[in-house]
Asker: 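Shown below is the structure under consideration.
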Amino acid sequence: MRIIACIDLDYFYAQCEEILNPSIKDKPVIVCIYSGRGEEGGAVATANYIARKYGVKSGMAISRAKKLLEKVEAFFIPARIEIYEKISSRIMTIVQKYGDSFEQVSIDEAFLDITKISNESYENGFELMKKMKEEIYNKEGLTCSVGIGPSKAIAKIASGINKPNGLTLVKPEDIPKVIWPLPVNELLGVGSKTENIMKKLGIKTIGDLANYDPLKLISVFGKKIATYFILASQGKDVEPVKPAEQNKQYSRMITLKESTLNYKEILPYLDTLAKELSSELKYNKVLAKGIGIIAILDDFSTVSKSTILNSPTDSYEEIKEISEKLLRELIPKCNKLIRRLSLRAYNLMYMNKSLSLLEYLTPSQS
Ligand code: DGT
Ligand code: CA
Ligand code: CA
């Protein structure tokens, strides 16, 4: 069993501004990214919960937010990202102490694996996270919302349940009642494209996904991704909390027999790299969402090109196709011949090593 916590700082940029100037705390606070076009051109980065009551949201045009708040005193503040980054890094230093492993996923969000530190007890984990929240509040004056669950996907959802200043424990047995009624896009890894496909299949909630015919799901998403979705919806996926240094990538490098910029001449090398990289991913049971190629030129300068896929892969054909496309875009950027070529896979997703889909489909009879 695992106990995972997800920590998300509440209305982060706006809360930072409140700390820096407590007198604005009871008023709507809107942190803005100005585009430089016109006095009000730009978008809302975030707003405090008072402003949200008036309908203000992240990404909204500043002019729209001003209209919504026309009749009240409100504070529109230009974003000061460097300051928020400093506050974030101080908080993350506190957060790190509370887990066996720690993974920061954005300026205001992190995962902790707290299995061992809480002696495999959810109740201990809950108390531990309460202590962490207190330390953050006492030292930095900031509130956060914490979710605790058996996996990253569940912990992440739990962190949003009692926002702001929430602390929510979702045990495996709570999943059908608490998690399954929620819309499927709240599940880690279900983006808007996947959500649309699922909608067409009649999958609207996480529960719909958990109870969907696995074979049908495989025919749509492929075996690995379908397995991840089914397991994640049940809180059984094994995505690890990975410390930064383990947040690694796989790469393969090859030296060309003769330096060239000819697309057709480079293709066979790329083919070899794609084959090797795919087998490396398969061997390590990971899928990659990021694929990149790097060319080392005759003067030893490097040129690179990379892309993020809609869904993760370990397939040779897919990696080959993507890297060929990247190569096409890369060649015009080279002002010398290509001497060496490297293909890398990053943004990795770990597959369940112990539970194969076959085992899942045919539960043991005992
Ligand atoms: P929360 O977690 O719902 O209490 O509110 P936030 O503001 O912490 O939202 P979150 O966790 O999605 O985002 C963290 C920070 O990232 C947020 O304070 C500002 C920034 N951010 C979020 N959405 C946007 C956006 O659409 N545009 C820009 N420029 N920044 C954003
Ligand atoms: Ca947040
Ligand atoms: Ca966040």
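Start at 1 and go down the list; that is how both ligands and their atoms are numbered.
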Asker: Less than 4.5 Å apart, any side-chain heavy atom of Ile254 and any of Glu276?
Answerer: no

Asker: Given side chains that start at C-beta, do those of Lys130 and Glu134 come closer than 4.5 Å, heavy atoms only?
Answerer: yes

Asker: Ignoring water, what protein N, O or S atoms are under 3.0 Å from the Ca ion (ligand 3)?
Answerer: Asp8 OD2, Asp108 OD1, Glu109 OE1

Asker: Which pairs, with at least one residue in residues 28-57 and sequence neighbours excluded, count as a ring-ring contact (aromatic ring centres under 6.0 Å, His included)?
Answerer: Tyr11-Tyr49

Asker: Quick one: do Arg80 and Glu17 make a salt bridge, cutoff under 4.0 Å?
Answerer: yes

Asker: When you look for protein heavy atoms under 4.0 Å from ligand 1, which residues do they belong to?
Answerer: Asp8, Leu9, Asp10, Tyr11, Phe12, Tyr13, Ile33, Ala45, Thr46, Tyr49, Arg52, Ser58, Gly59, Asp108, Lys163

Asker: Salt bridge check, Lys320 against Glu324: does any charged N sit closer than 4.0 Å to a carboxylate O?
Answerer: yes

Asker: Could you walk me through whether Tyr137 and Asn165 pass the side chain to side chain contact (heavy atoms under 4.5 Å, CB included) test, one step at a time?
Answerer: CA-CA 10 Å; Tyr137 189 76; Asn165 203 9; over 6 Å; no

Asker: I'd like to check Glu70 versus Lys67 (side-chain heavy atoms, cut-off strictly below 4.5 Å). Are they in contact?
Answerer: yes

Asker: Among all residues two or more places apart in sequence or in another chain, which pass the salt bridge (Lys or Arg N to Asp or Glu O under 4.0 Å) test with Arg90?
Answerer: Glu140

Asker: Check whether any side-chain N or O of Asp100 sits under 3.5 Å from a backbone N or O of Thr115 as a donor-acceptor pair, and report yes or no.
Answerer: yes

